[in-house]
Engineer: 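Supplied in structure tokens, the structure appears directly below.
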Amino acid sequence: MRSPICRQKVADLKISSCRLFSLLVTTAMVGLVTLAAAEGSPVAAQTVEAKHAFSIAAQPLSQALKTFGRQSGLQITLAAETTRGVQARPVSGQLTARQALAELLAGTGISYGIAEGTATVGRLGGANTDGGIVAGNGATVLAPITVFGVGMTSPGQITISSQELEQKNPASIADVFKGEPGVSVGSSLPMSQKVYVHGIEETNLAVTIDGSRQNNKVFHHSATNLIDPGLLKTVNVDAGVAPADAGPGALAGAIAYVTKDARDLLDGDGYGGFVSSSYNLNSDTVVTGLSGYAMKDGLEALGTFTFGKGNEFHVGNGDEVLGTGTDLISGIGKLAYTFDSGDRISISHDRLRDDAERPFRANAGFIEGRPPWEPRVRDYALERQNTVFTYTDSTPEGWWDPKVILAYSRTSVETKIYLRPTLNIPPYDGVGETGSLNGKVQNTFALANGTIVAGIDVYNDRAELDDLFDSATEKARDIGIYAQARIEPWEKTRLSLGARGDQQWFTGTTGETWDHSGLSGNISGEYDLIEDTLTAKAGYSRVWAGIPLAENFIMNPNWDYGDGPDPVRSNNANLGLTGTFNDFTIEGSIFRTNIDSARAPRYAVPLGVQQRDVTSKGFEIGAGYSWDASSVKVKYADIDVEIDGQPADSELGSYLAAPAGQIITLTAIHTFVDLGVTLGADAELAVDYDDVAPGSRPYEGYQVFNAFLEYKPPTKPNLTLRADIKNVFDETYADRATYGQEFGTVTPLYEQGRTFILTAKTTF
């Protein structure tokens with residue numbers, strides 16, 4: 001915790017807007033000089049043509065492409081329908097990625113292209129042209145398909161690709177999910193942002209980063225999983241129905257964050273790096289990123305660091321929001337080695353620390369009527385770290401495709417505790433910390449018509465509160481066994497079905513222990529009503545999740561557990577339809593999630609076992625059109641969330657759910673290929689929402705528009721210059737999932753007003 005002297009030093013070091021802008025320009029100039037010096041580097045020439053040892057058996061194309069991706073180090077991009085019923089040819093020997101992919105697809109007529117670390121696989125029957133995308137039989141074909149995913153996709157599945165992340169240029173996790181009305185992110189401060197999927201808080205989903213378990217309930221005023229979005233490669237969301245291999249605790253689905261590897265940034269042996277800097281004119285904030293990465297003879301290394309510093313921001317009405325400054329540092333280091341045998345081991349460690357003054361309750365701007373001894377702001381230090389060891393076989397054969405993960409994740413929050421002055425106790429530091437030692441051992445069995453993933457996963461979670469008076473600890477251990485089959489039993493039909501069994505041991509703050517066991521099952525399927533045009537989808541899951549740990553800062557060492565909390569269970573169902581007509585796509589789904597006996601403890605002695613029932617139901621529809629270098633998408637979600645049969649509110653819904661209502665999102669992007677210029681715009685429209693709990697205020701609607709201009713000089717492809725305008729019309733609003741909007745005494749954390757962000761990035 002920083003002392004007043006340290007805070008004064010920080011204040012003395014605050015940089016003016018002019019100096020920050022100068023820093024941005026200087027960073028860009030340094031990047032340009034570095035770029036010029038690196039133009040003669042042999043990396044670009046080496047990476048695409050580097051040879052790899054390939055060993056891919058004849059098998060269903062969906063599985064073969066997964067193997068190709070591991071062995072080549074490339075990301076695979078393709079339309080889900082591309083692989084249906086298609087058998088891949090065997091590939092063996094020392095080949096370039098381009099040669100291997102050509103052999104794999106030979107005779108299928110499926111187009112492909114390789115660029116910037118991504119292999120783009122197109123549709124069957126692509127038309128021949130001179131556009132540069134090569135077909136499996138050697139012909140060239142027109143534009144690649146940009147729908148992502150391999151095999152079956154469920155009605156509630158969302159995949160945010162590396163390409164989409166690059167287009168969004170996210171500054172926070174809220175930007176990552178921009179354009180997805182079924183996913184909302186409350187709060188305008190990254191350190192207090194929480195993700196809600198169909199209105200259900202992320203702590204009720206199986207959340208992982210690089211396969212490591214992440215659910216942490218440290219402090220309800222702070223974020224659950226603070227992530228630097230610049231580290232992300234992809235994000236996958238299973239809303240509602242999740243497979244058994246997503247991990248334990250998938251009550252309302254799963255979120256899997258995947259960070260970048262060196263092989264995602266290089267096409268083969270070589271080295272590289274980037275320097276980036278962004279400047280936010282609203283808050284005089286500079287965020288700078290530095291990265292270096294290399295690959296050589298099976299060895300991979302990557303290091304990335306991000307530094308952010310800035311002042312409070314202003315909202316649309318011109319008010320400055322206290323406690324919204326930026327003071328963060330994050331980084332990730334990765335090492336991996338692939339042996340001649342094909343065995344690959346990797347270890348990664350990422351860490352993020354947000355250390356700044358925040359509103360007294362960091363998820364709310366201000367609450368009227370609070371005791372006068374509570375300051376408007378106080379120091380917070382939120383830190384999250386994640387260490388992951390992974391073993392895979394990059395040359396799997398037949399029934400042998402193992403994966404082993406051993407990980408440790410930890411999140412801590414340190415802040416000042418202020419007591420009534422009459423107690424004569426000065427403010428003191430309170431620390432909450434949750435750690436999880438977790439892992440899994442699994443194998444993927446390749447079948448003639450699909451795959452079966454089977455394995456065992458474990459976790460050992462510990463939540464602690466270090467407080468002057470009420471220090472307490474809860475613990476939970478779990479071992480699960482699971483299997484998930486993904487098959488194509490007959491033409492036009494794909495199924496995913498699985499089950500898992502879990503045994504959990506739970507220890508309360510009093511030292512009492514309870515053990516429970518339960519079974520979970522899921523089934524999803526899709527059927528082509530019109531082949532390659534119209535597909536119907538459906539899914540159902542029943543989940544057993546044991547007893548979740550309580551929030552650290554409300555744990556009471558004197559809780560009366562009685563017979564202990566009941567294990568939490570849920571039921572999820574969804575039904576959907578997707579259609580593709582030339583370059584036009586449509587989608588629609590309906591869903592329902594019921595969580596029974598969700599744990600919702602409070603500090604009072606008898607409330608340690610308090611539990612509630614949560615229901616989320618609604619529908620989503622969307623449409624999109626893509627042509628040449630342009631795309632337009634519109635999506636609409638209508639979500640109704642209840643807690644114990646009453647409309648959800650943000651206080652009762654702590655660690656459970658938040659109000660949602662009706663949200664519309666629009667996105668449009670166009671690239672002038674010859675000029676290297678990309679223009680983009682997006683909008684989010686929230687409809688007035690009056691289905692609130694008795695005595696609560698209705699939620700006001702809002703309309704927010706954003707736009708960006710990005711320039712990649714054709715003669716300097718390693719340089720990117722970008723300008724973003726957030727909240728173009730200076731709307732004063734808070735995201736629908738932000739705490740306290742329904743209470744007359746709460747000033748919610750409004751989003752930033754009109755904001756200009758300038759970004760420069762150069763790679764070498």
Side-chain angles (χ1 to χ4, degrees), residues 14-21 24 168-179 184-194 223 229 278-287 308-328 354 356-359 361-367 376-377 663-667 680-689 697 699-709 722-741 746-759:
K14 285 185 177 180
I15 306 172
S16 68
S17 301
C18 293
R19 286 194 62 195
L20 290 175
F21 186 72
L24 176 66
K168 293 178 179 182
N169 190 34
S172 69
I173 204 67
D175 293 335
V176 169
F177 293 106
K178 185 170 57 180
S184 53
V185 180
S187 177
S188 57
L189 276 176
M191 72 81 59
S192 57
Q193 287 180 339
K194 296 183 180 182
S278 68
Y279 173 55
N280 182 317
L281 278 73
N282 185 309
S283 57
D284 287 341
T285 297
V286 164
V287 178
K309 193 74 174 177
N311 302 325
E312 282 84 2
F313 62 70
H314 295 77
V315 300
N317 60 14
D319 291 345
E320 182 181 72
V321 182
L322 296 178
T324 60
T326 298
D327 186 2
L328 66 85
D354 183 294
E357 286 188 338
R358 300 299 179 203
R361 289 164 177 78
N363 61 336
F366 181 68
I367 301 178
R376 289 293 298 267
V377 297
I663 305 290
I664 303 169
T665 62
L666 302 97
T667 59
D682 66 84
E684 179 174 309
L685 295 83
V687 180
D688 290 347
Y689 185 59
R697 298 190 308 182
Y699 284 76
E700 294 183 2
Y702 57 84
Q703 303 83 39
V704 59
F705 299 85
N706 311 295
F708 75 87
L709 169 65
R722 178 173 172 132
D724 286 84
I725 307 177
K726 306 287 189 180
N727 195 0
V728 174
F729 299 109
D730 222 12
E731 181 92 350
T732 301
Y733 77 103
D735 184 274
R736 180 57 52 83
T738 296
Y739 173 84
Q741 297 176 71
V746 177
T747 300
L749 270 177
Y750 291 116
E751 300 291 327
Q752 295 188 43
R754 185 183 298 113
T755 302
F756 295 89
I757 302 176
L758 305 177
T759 304

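It should be emphasised that the depicted structure is a prediction, and the values quoted were computed from it without experimental measurement.
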Engineer: With a 4.5 Å heavy-atom cut-off, do Leu189 and Pro359 have their side chains touching?
Structural biologist: yes

Engineer: Checking the side chain of Thr732 only, and the main-chain atoms of Asn317 only, is there a donor and an acceptor separated by less than 3.5 Å?
Structural biologist: yes

Engineer: Per the side-chain contact (heavy atoms from CB on, under 4.5 Å) rule, which among Asp724, Asn311, Thr326, Ile757 passes with Asn280?
Structural biologist: Ile757

Engineer: When you measure from the side chain of Asp688 to the backbone of Gly701, do you find a donor-acceptor pair of N or O atoms at a distance under 3.5 Å?
Structural biologist: yes

Engineer: At what distance, to the nearest 0.5 angstrom, does CG of Asn706 lie from OG1 of Thr755?
Structural biologist: 9.0 Å

Engineer: Ala223 and Gln193: which non-hydrogen atoms are nearest, and at how many Å?
Structural biologist: CB-O, 3.3 Å

Engineer: Would a distance-only check, ignoring hydrogens and angles, find a side-chain to backbone donor-acceptor pair under 3.5 Å from Asp730 to Arg754?
Structural biologist: yes

Engineer: Within a strict 4.5 Å, meaning less than it, do heavy atoms of the Val321 and His314 side chains meet?
Structural biologist: no

Engineer: Anything under 30° is parallel, anything over 60° is perpendicular, the rest tilted; go ahead and classify Phe729 against Phe705.
Structural biologist: perpendicular

Engineer: Show the nearest heavy-atom pair for residues Ala686 and Ile663, with the distance to one decimal.
Structural biologist: CB-CD1, 3.6 Å

Engineer: Among Glu684, Arg736, Glu751, find the one that has a side chain to side chain donor-acceptor pair (under 3.5 Å) with Tyr702.
Structural biologist: Glu684

Engineer: Taking the side chain as every heavy atom from C-beta outward, state whether Leu666 and Leu685 have any atom pair closer than 4.5 Å.
Structural biologist: yes

Engineer: To the nearest 0.5 Å, what is the distance between CG (Leu749) and CD (Gln741)?
Structural biologist: 10.0 Å

Engineer: Looking at every non-hydrogen atom in both residues, tell me the closest pair between Ala737 and Ser184 and how far apart they are.
Structural biologist: CB-OG, 3.7 Å

Engineer: Counting distance only, does the side-chain N/O of Ser192 pair as donor-acceptor with the main-chain N or O of Ala362 below 3.5 Å?
Structural biologist: yes

Engineer: Taking side chain as C-beta onward, heavy atoms only, is Lys194 less than 4.5 Å from Asn363?
Structural biologist: no

Engineer: Which heavy-atom pair separates Arg697 from Val746 by the least distance, and what is that distance?
Structural biologist: NH2-O, 4.4 Å

Engineer: For the backbone of Gly325 and the side chain of Arg358, can you confirm whether one donor and one acceptor N or O come within less than 3.5 Å of each other?
Structural biologist: yes

Engineer: Mark yes when over 12 heavy atoms from residues, nucleotides or ligands other than Glu700 sit less than 6.0 Å from its CD; otherwise mark no.
Structural biologist: no

Engineer: Are Val287 and Tyr279 close enough, and set up right, to give a side chain to side chain contact (heavy atoms under 4.5 Å, CB included), and what steps lead you there?
Structural biologist: CA-CA 7 Å; Val287 178; Tyr279 173 55; over 6 Å; no

Engineer: Mark yes or no for whether Thr324, through its side chain, and Phe313, through its backbone, hold a donor-acceptor pair below 3.5 Å.
Structural biologist: yes

Engineer: So which atom in Ser278 and which in Thr759 form the shortest heavy-atom distance, rounded to 0.1 Å?
Structural biologist: CB-OG1, 3.4 Å

Engineer: From Gln752 CD over to Asn282 CG, what is the distance, rounded to the nearest 0.5 angstrom?
Structural biologist: 5.0 Å

Engineer: Verify whether one side chain among Gln703 and Tyr733 offers a donor that lies under 3.5 Å from an acceptor in the other.
Structural biologist: no

Engineer: side-chain contact (heavy atoms from CB on, under 4.5 Å) with Phe708: which of Arg722, Lys726, Lys168?
Structural biologist: Arg722

Engineer: Show, in sequence, the C-alpha distance, side-chain angles and deciding distance for Leu281 and Leu758, and conclude whether the side chain to side chain contact (heavy atoms under 4.5 Å, CB included) test is met.
Structural biologist: CA-CA 8 Å; Leu281 278 73; Leu758 305 177; 4.3 Å; yes

Engineer: For Pro229 and Pro170, work out which heavy atoms get closest and say how close.
Structural biologist: CG-O, 3.5 Å

